[in-house]
Asks: 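I'd like to ask you about the structure that follows.
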Protein chains: 2
Amino acid sequence: MVSNRQKQILKAIIDLYVETAEPISSKALAEYMNLGLSTATLRNEMAVLLEQGYLEQPHTSAGRVPTHKGYRLYVNELMHAYHITKEDTEAVQSALQAQQQSLSPSYFSPPELDHLLNEASRALSALTRYTAITVSTKLNGMMEIRRIDIVICDDITFVFVVVLGAGVVRNKLYRMIHPVPRQQAEDLAALLNRVLAGTRPGEITPLQITILESTTEEGTKELLAAAIDFLKELSMEIYEQDIRLKGEGNLLDYPEYQDVGKARELLDFLGESAATSWLPLPTTSSVVFRIGNENLAKPLQEASLIVARCPLAGGNTGYVGIVGPTRMHYPRLAARLSFFAKGLTRMLQDIIDEDDTDRPENTPPPTREKQGEEPN
Amino acid sequence: MVSNRQKQILKAIIDLYVETAEPISSKALAEYMNLGLSTATLRNEMAVLLEQGYLEQPHTSAGRVPTHKGYRLYVNELMHAYHITKEDTEAVQSALQAQQQSLSPSYFSPPELDHLLNEASRALSALTRYTAITVSTKLNGMMEIRRIDIVICDDITFVFVVVLGAGVVRNKLYRMIHPVPRQQAEDLAALLNRVLAGTRPGEITPLQITILESTTEEGTKELLAAAIDFLKELSMEIYEQDIRLKGEGNLLDYPEYQDVGKARELLDFLGESAATSWLPLPTTSSVVFRIGNENLAKPLQEASLIVARCPLAGGNTGYVGIVGPTRMHYPRLAARLSFFAKGLTRMLQDIIDEDDTDRPENTPPPTREKQGEEPN
DNA sequence: TATTAGCACTCATGCTTCATGAGTGCTAAT
DNA sequence: ATTAGCACTCATGAAGCATGAGTGCTAATA
C-alpha cells in the first residue's frame, strides 16, 4: 500500500532526481516540496518507499534514488501531462518543414521515404537529446497494385515494374533460361494487370494465382513464376521493418554513461540490432514506456525506451522513439515524441493526399475505407 | 636529417607504442630492439628525434610517444609490408561470402547494393575493430541506358523506368497537368529508346536533347520535360556519394577514447557528416593514410584514416576505409583493408560479369573499352 | 668521435591519513 | 502523527609521503 502522500513524495523525488541526477536527501526534498513537513517525517515516508521497493540508496548515508519500479508507478499514475512549449512546437515544425521542402510534390519513392525518416530521426535526436529510433515497414501493406508492367530488355531479360498507390514503384530484374517472345511477355503483362490490379500485394488469393496459371500458355510459365516470385517478395516486405538510429552520441552526455564500458555495451547493442524485437510497439495512439529492467535485453536493463505510434500512409504504421538512461523526463519526452509523431503523420498524409486526391477514373476504386477526417 | 639508425629507432618506438599504448622508455626500447646499444645511446638518439619533431614527451620524466610527423615518416618510409595471415584471409572471405549468398544471382538493384555495402561495412568493422567507412556513388557513371519505358498509370500519371547495365533499374513517378493520350506516351517511350539507348546518363549530349525536342509533338512536350528532368536527376546521382559508417562503438575500446568527451566529439562528427569532404579518396590502387593533424576537421585531429579504393562495376569507384586513433597498426590495417577492397571488388565483378556475359544482340554494343583482363 | 656508466633530478602514481559534512536511523518529546 | 535532537556512517577531497620509472647531463671509455 502506498499512501497518497507517499506518492506525492515519490513524484517529487523523481522530478527532482531527473533534474539533478543526484540522490535526493530529505532536506532537498523538504525544500523542493515546500509542504509544512519536516525532514524527519519525510525520512520516515522515504523509508517506507524504500522498503516497498520504489526507492533505493546508493549507500547508507546517501539520499534516495528511484528504482525502476518507482519510475513505473510514476509514469502510470503520478506524472502530469506535460504541455509542450512554443519552442517545442516550433522546433518540431521547423525540423519537419525542412524535410518537407526537400520532397518534390509529385514524387514519392521508397528511398525518398527512407531518407526522410533518416532526417526525421536526426531531427528527433537533436530535439530530445537522446538517441532516436524510427521504424517503418518496407512496404505499406494497404497500398494496392495499380499497375504491373514488364520491361523487355532482351528475349531472356525482363524487368517487372509494379506501381502501387501513392506513387511507390518497385522493380526487379529477372533473367530467364528460355527465351520468351515479345508478344507473349506483353500478353502476360496484360493478364497480370487484369487479374491483379486493385489488389494489395499481401492479399493476393490462391484463386488469383490459379487463374494466372491456368490462363498462361506454356512458353511464359517461367516468366509467370518469376512474376509470382516478385509479388511474393513484395508481400514479404510488408512485414519487414526498417529500423534507423540517430544521435547515438547523445547518450554520452548523460552521467549514467560516463563509464565508457556501459556506453559501449549499449551502443554496440543498438548498432548491431537490426531487429525490432527489443522495441515495444504501441498498438494505440498513446505513448509506451519501457523502463529499465522491464527490458529483456541485458544492455537495456539500465535504459528506458519511449515509443510513439506514427500512422503512415494508408493505414500503415511507423514508430518513433528514443532510448536513454532510466533517469529521463518522461512526461516531457512523451509529449514531444507524441507531438513529433503526429507532425510526421500529418506531413506524410499531406503528401499522400496530394497524390490521391485526383485519383483517376480508369483505375479501380480503392477498396479501403477512408478514415473519417476532415479534408485538408 | 634523420640517420638510418634513428629511423630504425623511430620504427621500433612506433611498433612498440602501437602495441602497448604506453610511452616508450629507453630501457623498453633497448630490450625490444635487442641491438648492442645501451639505453644512454638510445636516449641520445631519442633526444634528436624529439628535437626534430618525430617524438614527444607527455612530461619530463616519461617515455616518448610518436608525433603525427613520426607516424607520417613511418608510413612513408619505415613500415614493412604486412603479409596478411591465413586467419585474415579466411575472415575476409567468409565475411564476403556470407553476403554473396544473400544475393540472388539474377538480380542486382541499388537497394541491394546498399544493403550489401552496409553488411560489408559491418564485416570490416568487426574485422579491424575500428569504425568502418564505405563510400559509393549512388549511380555507376559507366553504365549505359539499356531501355527506357513509360508505365502509364492513368492519363496524367506516368512512371518512367530506366533499365541500366548490370540490372540496375530506376524509376520515378510524374504527374502531368494536361492529360496525355496513351498512344502519344507510347510514341515518346519509343523515341526515347531510339535516341538514348546505349548512352550513359552522364553523357547525354545537347544534340540528343535537341533531337528529342524537335521530334516531339505538342501534346507530349510536358511529358518529355519530365523525362529530361528524370534523366538529369539520374546523371546527378553519378556524382552523389553514399557514405556508411559501422562499428562506431569500437572506438570506445581504445584508451585514446576512454575520455567520453573526446569520444563524443568524434562520434558526433562522424554521425553528422554525410559529406565526404573529410575523407581522402585515393586515386590509385594503393592505400592512403591521413594521420592526425593532417586532417582538417577538428574532431579528426587526433585520429587517423586509412582508405582503399575499391573499383566497382564497370569503371565506377567505391571506397572502403577505417577511422581510429592515430596509434594504429598501419601496415596490418592497410593490408587488411586492401585485401578486403580487392575481395569486394572481385565479388561485385563476379555479379556484374554474370550479368554481362550473355549480352543480348539486340541491344547496341557497348561503347566503353573493356579493360584487358582475362575473362572469368 | 661514438658510446656508455653513473648520478642527480623530475614527476606521475598510489598509498595513507585526516577532516569535513551531508545524510541517515533512531529515540524521546510534543 | 509529527518532529527535534543526536549519534553514527561514509563518500569526498585534500595533504603528505614514499616509490620508482625515466630522464638529462657529465665524465669516463673504446
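So you know, we letter chains A, B, ... as the sequences are listed, proteins then strands, and number each from 1.
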Asks: Atom CG of Asn44(B) and atom P of dT29(D): how far apart are they, to the nearest Å?
Replies: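 Atom-to-atom, Asn44(B) to dT29(D), this comes out as 18 Å.
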Asks: Do you know which two heavy atoms are closest between Ala123(B) and Ala95(B), and how far apart they sit?
Replies: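 Closest approach of Ala123(B) to Ala95(B), heavy atoms only: CB-CB, 3.6 Å.
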Asks: Just how far, in rounded Å, is P of dG23(C) from CD of Glu56(A)?
Replies: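 Roughly 18 Å, once rounded to whole Å.
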Asks: Can you tell which of dC26(C), dT4(C), dG22(D) lies closest to the side chain of Ser25(B)?
Replies: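 Of the options given, the side chain of Ser25(B) lies nearest dG22(D).
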Asks: Starting at the 5' end of DNA chain C, which residue's closest nucleotide do you reach first, Pro58(B) or Arg64(A)?
Replies: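 Nearer the 5' end of the strand: Pro58(B).
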Asks: Quick one: which of dA11(D), dT24(C), dT23(D) gets closest to the side chain of Met46(A)?
Replies: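 Ranking dA11(D), dT24(C), dT23(D) by closest atom to the Met46(A) side chain puts dT24(C) first.
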Asks: Can you measure Leu42(B) atom CG to dC25(D) atom C1' for me and round it to whole angstrom units?
Replies: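 Computing the Leu42(B):CG to dC25(D):C1' distance gives 17 Å.
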Asks: Check the distance between dA21(D)'s P and Leu29(B)'s CG and give it to me in whole angstrom.
Replies: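 Those two atoms, CG and P, are 17 Å apart.
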Asks: Going by side chain to side chain donor-acceptor pair (under 3.5 Å), name the residues that satisfy it together with Thr41(A), two or more places apart in sequence or in a different chain.
Replies: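 Only Ser38(A) meet the side chain to side chain donor-acceptor pair (under 3.5 Å) criterion with Thr41(A).
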Asks: Please report the distance, rounded to the nearest Å, between CD in Glu51(A) and P in dC26(C).
Replies: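 Result: 11 Å.
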Asks: Grab the CG-P distance between Leu49(A) and dT24(C) for me, whole Å please.
Replies: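 Going from Leu49(A) (CG) to dT24(C) (P), I get 13 Å.
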Asks: Once rounded to the nearest 0.5 Å, what's the spacing between atom CZ of Arg290(A) and atom OG1 of Thr326(A)?
Replies: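 Between Arg290(A) CZ and Thr326(A) OG1, I get 15.0 Å after rounding to 0.5 Å.
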Asks: Students often get this wrong, so: under 4.0 angstrom with heavy atoms, is Ser26(B) touching a base, only sugar-phosphate, or nothing?
Replies: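 Counting heavy atoms under 4.0 Å across all strands, the contact made by Ser26(B) is with sugar-phosphate only.
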Asks: If we ignore angles and hydrogens, is there a donor and acceptor under 3.5 Å between the side chains of Arg309(A) and Ser285(A)?
Replies: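 Short answer, no.
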Asks: Is it the case that the side chains of Ser3(A) and Lys7(A) hold a donor-acceptor pair, with the cut-off being a distance below 3.5 Å and no angle test?
Replies: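 No, because no side-chain N or O of Lys7(A) sits under 3.5 Å from a partner of the opposite role on Ser3(A).
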Asks: Take the protein atom CE of Met33(B) and the nucleotide atom P of dT3(C), then report the distance between them rounded to whole Å.
Replies: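 Whole-Å distance recorded here is 13 Å.
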Asks: From the set dT3(D), dC11(C), dG25(C), return the single nucleotide nearest to any side-chain atom of Arg43(A).
Replies: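 Looking only at heavy atoms from C-beta outward on Arg43(A), the closest nucleotide is dG25(C).
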Asks: Would you please say whether a donor-acceptor pair under 3.5 Å links the side chains of Asn250(A) and Arg129(A)?
Replies: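 On atom types as modelled, these side chains qualify, holding a pair under 3.5 Å.
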Asks: Choosing from dT2(D), dT23(D), dT24(C), which nucleotide comes nearest the side chain of Arg5(A)?
Replies: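 Among the listed nucleotides, the one closest to the side chain of Arg5(A) is dT2(D).
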Asks: Round to the nearest Å and state the distance from Lys27(B) atom NZ to dT23(D) atom C1'.
Replies: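 The distance from NZ of Lys27(B) to C1' of dT23(D) comes to 14 Å, rounded to the nearest Å.
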Asks: Starting at the 5' end of DNA chain C, which residue's closest nucleotide do you reach first, Thr60(B) or Ser38(B)?
Replies: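 Counting from the 5' end, the first nearest nucleotide belongs to Ser38(B).
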Asks: Taking the side chain of Ser61(A) as its heavy atoms from C-beta onward, which of dT2(D), dA4(D), dG23(C) lies nearest to it?
Replies: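 Output: dG23(C).
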Asks: Which dot-bracket string fits DNA chain C when only Watson-Crick or G-U wobble pairs with both atom distances under 3.5 Å count, crossing pairs get [ ], and | stands for a partner on a different strand?
Replies: ||||||||||||||||||||||||||||||
Asks: Just compare dA11(D), dT4(C), dT3(D) and give me whichever is closest to any side-chain atom of His59(A).
Replies: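 Closest nucleotide to the His59(A) side chain: dA11(D).
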Asks: For the NE2 atom on His83(A), are there more than 12 heavy atoms of other groups (residues, nucleotides or ligands in this structure) within a distance under 6.0 Å?
Replies: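 Atom NE2 in His83(A) is not crowded, with 12 or fewer foreign heavy atoms closer than 6.0 Å.
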